[in-house]
Amino acid sequence: MTTIRLTNTKTRRKEAFTPIDPANVRLYVCGPTVYDRAHLGNGRPVVVFDVLFRLLRHVYGPDHVTYVRNFTDVDDKINAAAQARKAAGDPRSLEELIRARTDETIRWYHEDMDALGALRPTHEPRATEWIGAMIAMIEDLVAKGHAYEREGHVLFRVRSYRDYGALSGRSVDDMIAGARVEVAPFKEDPMDFVLWKPSDDELPGWESPWGRGRPGWHIECSAMSYELLGASFDIHAGGIDLQFPHHENEIAQSCCAHPEGGFANVWMHNEMLLVNGKKMSKSLGNFFTIHDLRKDRGIPGEVIRMVLLGTHYSKPMDWTAEKAAQAKATLWKWRKLTADVEPAASPDAAVLAALADDLNTPAAITRLHSIAAQEDGALLKASASLLGLLEDDLRGWTLPPVTGTGSGVMEVSGSATAIVGNVQYRETIERLLDERKQARMGKDFRRSDAIRDLLVGAGVIIKDTPAGAEWDLGADFDPARLGEPE
RNA sequence: GGCGGGUUGGCGGAGAGGUUACGCAGCGGAUUGCAAAUCCGUGAAGACCGGUUCGAUUCCGGUACCCGCCUCCA
């Protein structure tokens, strides 16, 4: 059996992965707070850990992996958005407004992540549907002396968990020394964090032993992972920015509530994403949602995926238009090579080995290049599928619609030339090529070159062979530019 | 101040203590009316300073610069 090696943040080493139960390998990834469209940075962990999910399914069997990714649908940003709608005169109740907004955001999220080729996790729990489990866990923590109530809040007593800070390599004393946290006067210790907080009438709330209130941010992951995966599970993953405080707090809560379990054995963190060398931010004008890239810039989801997998997850990754263009060209070539090809029975061993070596996706992609160079479409397809690439659905590879010429959806033809446009494009292209042929036979090179420039400008690749001209569509084919020459 | 990541050829980006990474671009050739596509060939690297070693881009120590986290953040 393939040995998977993963870098464990907890031990800061690359270790051989041994599941607790090979018949049920359990993975938890921190999901989004659903207040707005997912941005490019949200896509990175989704795609990276989707590859992990695919790898685990390949090695242990598709029915032997349980993948949980949560939706945080209780949050102050969500509340603020709902309050703003209400203030603007929306007649619905706050709860209805919140539910409508989070429902819509989850739909968007699924749309975007499906486009990136991410498989849906086994479970996608919403925090608001697990409030009871959170209250139960908080009560248990209070009963065991790890938490205390003050003025309607319940706080976790950081000093009661000896290993607090171990994951992120900090000590409580160091953190207090450099603390910039706002310290509520009722905290026993400045680092104590909120498990439950009171809600006034303007905020969503649930009845609890401490009055009407809502959970703190960290408790949902502890409660839901316990309910769905148990007190011990295999892998917990997320962005490196979550390492502290979020994951540190999850560990403290879970290990204190369920000392019989070890919580997550392996912790994995992906590094951050930059855009043009800088942190993505609205003020720098380099902020992209995945929806922007797909719809406004016409970048297929698969291309975004390829770019995200082109840098190892443990390194900062820079998004540039240049990378997207390169990935697009490569995938286009590969798609043509694999169109209508039945995938091989198993993936290439070197691709599998690269992924098993701490998800070395760049090395796996390098190997795909060499398989493509040998024109082994069947092996290419089977191997790329481990990375979630070159799957059968076209996933965002569409032609721009052209007025009067129909939908313009790309089709995979049965011919050896692979991907062609719809029939009208084909007729236009072949008519132009025929005109060019006539012009060349008449030595009217000015006209033949003008036709050629037109076709090339529209993204058609012309291949002149001794047997005559063949053609293919380039990745940037734009039928709108297939006008008449001169 | 504390914790962590990065620095490789024109660009992107890996592995490995000693043998071609790879992709894109470039250059030379074949081919072409000229091109394109394709094929063949090819130059080019590892921030800086020390150390270990027969040998380091790869291990160890230090310096510089860039970035992130410590407050909501994937």
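Sequence lines set the chain letters: A, B, ... in the order given, protein chains first and strands last, and positions in each chain run from 1.
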* Structure fact -> D241(A) CG to rA74(B) C1', in whole Å, measures 5 Å
* When you measure from the side chain of P316(A), which nucleotide among rG23(B), rA74(B), rG5(B) comes out closest? -> rG5(B)
* With rounding to whole Å, what would you report as the distance between rG62(B) and rG23(B) at their P atoms? -> 38 Å
* To do: Have a look at N360(A) and say if it touches a base, only the backbone sugar-phosphate, or nothing, with a 4.0 Å heavy-atom cut-off.
  => sugar-phosphate
* For H246(A), answer base if it contacts any base atom (sugar-phosphate contacts may also be present), sugar-phosphate if it contacts only those atoms, and nothing otherwise; contact means non-hydrogen atoms under 4.0 Å. => nothing
* **Pi-cation contact, Y164(A) with R159(A) (under 6.0 Å, within 45°)** => no
* Using the benzene-type ring in the case of Trp, are the ring centres of H247(A) and W267(A) under 6.0 Å apart? -> yes
* To do: Would you indicate what G310(A) reaches in the nucleic acid, counting non-hydrogen atoms under 4.0 angstrom: base, sugar-phosphate, or nothing?
  => sugar-phosphate
* Please state the P separation for the pair rA74(B) and rU38(B) - nearest whole angstrom. => 42 Å
* Looking at rU7(B), rG23(B), rC34(B), which one has an atom nearest to any side-chain atom of K315(A)? -> rU7(B)
* **For atom CD1 of I240(A) and atom C1' of rG6(B), their distance in whole Å** => 13 Å
* Structure fact -> Glycosidic torsion of rG17(B) (syn if within 90° of 0, anti otherwise) classifies it as anti
* Base, sugar-phosphate alone, or nothing: which one does K328(A) contact when heavy atoms must sit under 4.0 Å apart? -> nothing
* Asked: Nearest-Å distance, CZ (R447(A)) to C1' (rG33(B))?
  -> 17 Å
* Asked: Looking across every strand, which nucleic acid part, if any, lies under 4.0 Å from S448(A) by heavy atom: base, sugar-phosphate, or nothing?
  -> base
* Measure from the side-chain heavy atoms of N42(A) and tell me the nearest of rC24(B), rA74(B), rG33(B). => rA74(B)
* Asked: Between I304(A) (CD1) and rA74(B) (P), how many Å, whole number?
  -> 18 Å
* Distance between the P atoms of rG9(B) and rA45(B), in whole angstroms? -> 9 Å
* To do: Indicate the ring-plane relationship of F156(A) and F193(A), choosing parallel, tilted or perpendicular according to the 30° and 60° boundaries.
  => parallel
* Atom P, compared across rU63(B) and rG2(B): separation rounded to whole Å -> 12 Å
* What distance, rounded to whole Å, do you find between the two P atoms, one in rC27(B) and one in rA35(B)? -> 13 Å
* Asked: Distance-only, no hydrogens or angles: does the E375(A) side chain make a donor-acceptor pair with backbone N or O of L337(A) under 3.5 Å?
  -> no
* Which part of the nucleic acid does G41(A) contact within heavy-atom distance under 4.0 Å: base, sugar-phosphate only, or nothing? -> base
* To do: For the side chain of A363(A), starting at C-beta, report the closest nucleotide among rG23(B), rC34(B), rA14(B).
  => rA14(B)
* Asked: Across the strands shown, which category fits R44(A) at heavy-atom distances under 4.0 angstrom: base, sugar-phosphate, nothing?
  -> nothing
* Asked: Between H39(A) and F287(A), is the gap from one ring center to the other below 6.0 Å?
  -> yes
* **Integer-rounded Å distance: rG68(B) P and L242(A) CG** => 16 Å
* **Closest-nucleotide ordering on RNA chain B, the 5'-leading residue of R452(A) and R12(A)** => R12(A)
* To do: By nearest nucleotide on RNA chain B, pick out whichever of P32(A) and K323(A) is the more 5' one.
  => K323(A)
* Asked: Just checking R367(A): base, sugar-phosphate only, or nothing, at a heavy-atom cut-off of under 4.0 Å?
  -> nothing
* Which listed nucleotide (rC34(B), rG13(B), rG68(B)) is nearest to the side chain of D449(A)? -> rC34(B)
* Structure fact -> With the side chain defined as heavy atoms from C-beta on, W217(A) is closest, among rG33(B), rC73(B), rA74(B), to rC73(B)
* Classify the nucleic acid contact of F445(A) as base, sugar-phosphate or nothing, counting any heavy atom under 4.0 Å across all strands shown. => base
* Asked: Between atom OG1 of T7(A) and atom NE2 of H312(A), what is the distance when rounded to the nearest 0.5 Å?
  -> 6.5 Å
* Would you say the side chain of D464(A) and the base of rA35(B) hold a donor-acceptor pair, judged only by whether the two atoms sit under 3.5 Å apart? -> yes
* When you compare rU8(B) with rC59(B), how far apart are their P atoms, in angstrom units rounded to a whole number? -> 16 Å
* Structure fact -> Closest to the side chain of Q326(A), out of rA14(B), rC24(B), rC22(B), is rC24(B)
* If you look at every strand shown and take non-hydrogen atoms under 4.0 Å, does L273(A) touch a base, only sugar-phosphate, or nothing? -> base
* Asked: Do Y67(A) and F49(A) have ring centres separated by under 6.0 Å?
  -> no
